[in-house]
Amino acid sequence: MRGSASICWLIAALLGASLAHAEEVDDATKTAARALGTAGVDALQAGDVAGASTKLEQAYRILQIPSLGLWSARALVKRGMLVEAAERYSAVIASGTTAGDADVQLQAQKEAKQELAALRPRIPMLVSKLVGADAADVAILVDGKKLDPSRVGTPQPVNPGTHTVVGTRGSERVVVSSTVPESQSETVELRFAGAAAQGGAASTTPPPAPAMDMASGGHSSTTAFVVGGAGIAVLGAGAVFAAFTKQEDNRAAALCTLGLFHNQCGSASEKQSFQDHTSRAKTWAALSYVGFGVGVAALATGTVLLVTGKSTQTGLLVAPVVGERALGVNAETAW
């Protein structure tokens with residue numbers, strides 16, 4: 001009976017937790033939490049990662065016990081939300097074990113410590129640097145969230161994938177996108193007019209760059225279509241890699257069953273095949289992240305070039321920003 005052992009462990013933990021929380025949660029809510037937790041494990045074993053994560057998150061909000069937190073963290077890892085998963089593992093480790101079966105909860109905390117130690121090296125880092133501006137003068141958003149000036153220039157944990165950094169100083173606005181694979185660190189530079197020129201004197205004009213005056217026309221439309229077309233092609237490659245990832249995950253799932261605290265395999269050869277499929281799935285997933293990230297960045301850049309290239313009133317200067325696994329646009333107004 002596939003997954004029966006893990007379901008029994010989870011039900012036992014939830015039943016004990018319900019008794020311990022009798023004064024805090026009503027019977028109907030406890031019943032719903034048990035059903036959600038069990039359904040979440042079933043969904044994760046069946047490969048429905050999104051559905052499993054939703055159910056486990058809902059159950060954990062009702063009953064914040066280590067066993068539920070452990071499974072919700074595993075679902076977050078499967079979704080590529082490594083930063084959130086690390087926080088959940090930490091919460092599981094720090095939580096008490098007074099709710100439910102103490103042995104089950106202690107084992108869940110032990111599993112959480114082991115999995116957190118294995119997860120941390122996989123979390124990528126993103127460093128945002130400023131050129132030609134002080135951190136105190138620039139408002140920086142990383143994926144729409146404000147970055148404190150004190151954190152500029154320091155590594156910040158992010159999930160694998162493409163991240164957009166926007167810096168605003170007065171009328172100047174710089175946008176840079178960077179794709180960060182697992183276990184890697186990337187640095188993005190936001191370049192503003194006024195960067196120190198050679199010899200230490202402040203420059204009042206933008207730094208030398210292959211900028212194109214879109215107000216004057218030129219070959220902007222051709223460039224936009226070329227960049228945008230390349231973005232679409234790379235997005236297609238990312239989709240293919242994602243399909244390969246799903247295929248390898250399914251093959252691995254067919255060999256071994258996810259237990260409550262470990263993977264259950266029928267034989268040594270099945271275990272080795274499971275590990276091989278899992279390893280290939282991780283490789284395809286990393287390539288998929290890069291493909292989607294670079295594709296989105298190129299498509300966005302092509303769109304910006306096309307739109308600004310047709311504007312003859314703003315006098316907008318657009319300079320592509322290209323770095324190691326990074327692609328962006330430096331746009332500013334020239335009057």
Looking at every non-hydrogen atom in both residues, tell me the closest pair between [X] and [Y] and how far apart they are.
X: Pro181; Y: Pro160; value: C-CB, 4.5 Å
X: Glu186; Y: Thr179; value: CG-O, 3.9 Å
X: Arg169; Y: Gly132; value: NH1-O, 3.1 Å
X: Ala43; Y: Gly51; value: CB-C, 4.5 Å
X: Tyr60; Y: Ala91; value: OH-CB, 4.2 Å
X: Ser178; Y: Val188; value: CB-CG1, 3.4 Å

Problem set entry | Trace of the side chain to side chain donor-acceptor pair (under 3.5 Å) decision for Gln247 with Thr245 | CA-CA 5 Å; Gln247 185 181 61; Thr245 302; over 6 Å; no
The criterion is side chain to side chain contact (heavy atoms under 4.5 Å, CB included); which residues satisfy it with [X], sequence neighbours excluded?
X: Lys246; value: Asn250
X: Ile140; value: Leu130, Val138, Val142, Leu147, Val152, Val165, Leu190
X: Thr54; value: Gln58
X: Pro157; value: Val83, Ile123, Met125

For this session: Check the pair Leu56 / Leu68 against side-chain contact (heavy atoms from CB on, under 4.5 Å), numbers first and verdict last.
Result: CA-CA 7 Å; Leu56 289 166; Leu68 267 180; 4.2 Å; yes
Taking [X] for its side chain and [Y] for its backbone only, find out whether a donor-acceptor pair lies under 3.5 Å.
X: Ser53; Y: Val49; answer: no
X: Arg88; Y: Trp71; answer: no
X: Glu111; Y: Ser67; answer: no
X: Gln105; Y: Asp103; answer: no
X: Gln109; Y: Val92; answer: yes

Going by the rule side-chain hydrogen bond (donor to acceptor under 3.5 Å, both in side chains), which residues pair with [X] if we only count those two or more places apart in sequence or in a different chain?
X: Thr168; answer: none
X: Glu87; answer: none
X: Tyr89; answer: Glu115

Problem set entry | Pairs involving residues 142-151, ordered by first then second residue, that meet salt bridge (charged side-chain N to carboxylate O under 4.0 Å, His left out) (sequence neighbours left out) |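 Residue pairs with at least one partner in residues 142-151: there are none.
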Exercise. What residues form a salt bridge (charged side-chain N to carboxylate O under 4.0 Å, His left out) with Arg61, not counting sequence neighbours?
Worked result: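 Per chain and number, Arg61 pairs via salt bridge (charged side-chain N to carboxylate O under 4.0 Å, His left out) with no residue.
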For this session: Return the set of residues passing salt bridge (charged side-chain N to carboxylate O under 4.0 Å, His left out) with Glu84 (not counting sequence neighbours), or none when no residue passes.
Result: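 Per chain and number, Glu84 pairs via salt bridge (charged side-chain N to carboxylate O under 4.0 Å, His left out) with no residue.
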Measuring from atom [atom1] of [X] to atom [atom2] of [Y], what distance do you get when rounded to the nearest 0.5 angstrom?
X: Thr29; Y: Leu63; atom1: OG1; atom2: CG; answer: 9.0 Å
X: Lys282; Y: Leu287; atom1: NZ; atom2: CG; answer: 14.5 Å
X: Lys55; Y: Asp48; atom1: NZ; atom2: CG; answer: 6.0 Å
X: Leu126; Y: His163; atom1: CG; atom2: NE2; answer: 6.5 Å

For this session: Applying side-chain contact (heavy atoms from CB on, under 4.5 Å), run through Glu57 and Leu76 and close with a yes or a no.
Result: CA-CA 9 Å; Glu57 288 296 314; Leu76 289 170; 3.8 Å; yes
For this session: Group every Ile, Leu, Val, Met, Phe, Trp and Tyr by side-chain heavy-atom contacts under 4.5 Å, then state whether Val176 and Val127 land in the same group.
Result: no
Exercise. Is there a path of hydrophobic side-chain contacts, each under 4.5 Å between heavy atoms of I, L, V, M, F, W or Y residues, that connects Leu44 with Met81?
Worked result: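 In one cluster with Leu44: Met81, no.
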Problem set entry | Criterion side chain to side chain donor-acceptor pair (under 3.5 Å) on Arg280 and Thr283, from CA distance to verdict | CA-CA 5 Å; Arg280 286 195 290 269; Thr283 300; over 6 Å; no
For this session: May I have all residue pairs that pass side-chain hydrogen bond (donor to acceptor under 3.5 Å, both in side chains) and include part of residues 117-134, sequence neighbours excluded?
Result: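 Checked against side-chain hydrogen bond (donor to acceptor under 3.5 Å, both in side chains) - neighbours excluded - the pairs reaching residues 117-134 are Arg122-Glu182.
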Problem set entry | Ser177/Thr162 under side chain to side chain donor-acceptor pair (under 3.5 Å): CA gap, chis, key distance, verdict | CA-CA 7 Å; Ser177 293; Thr162 300; over 6 Å; no
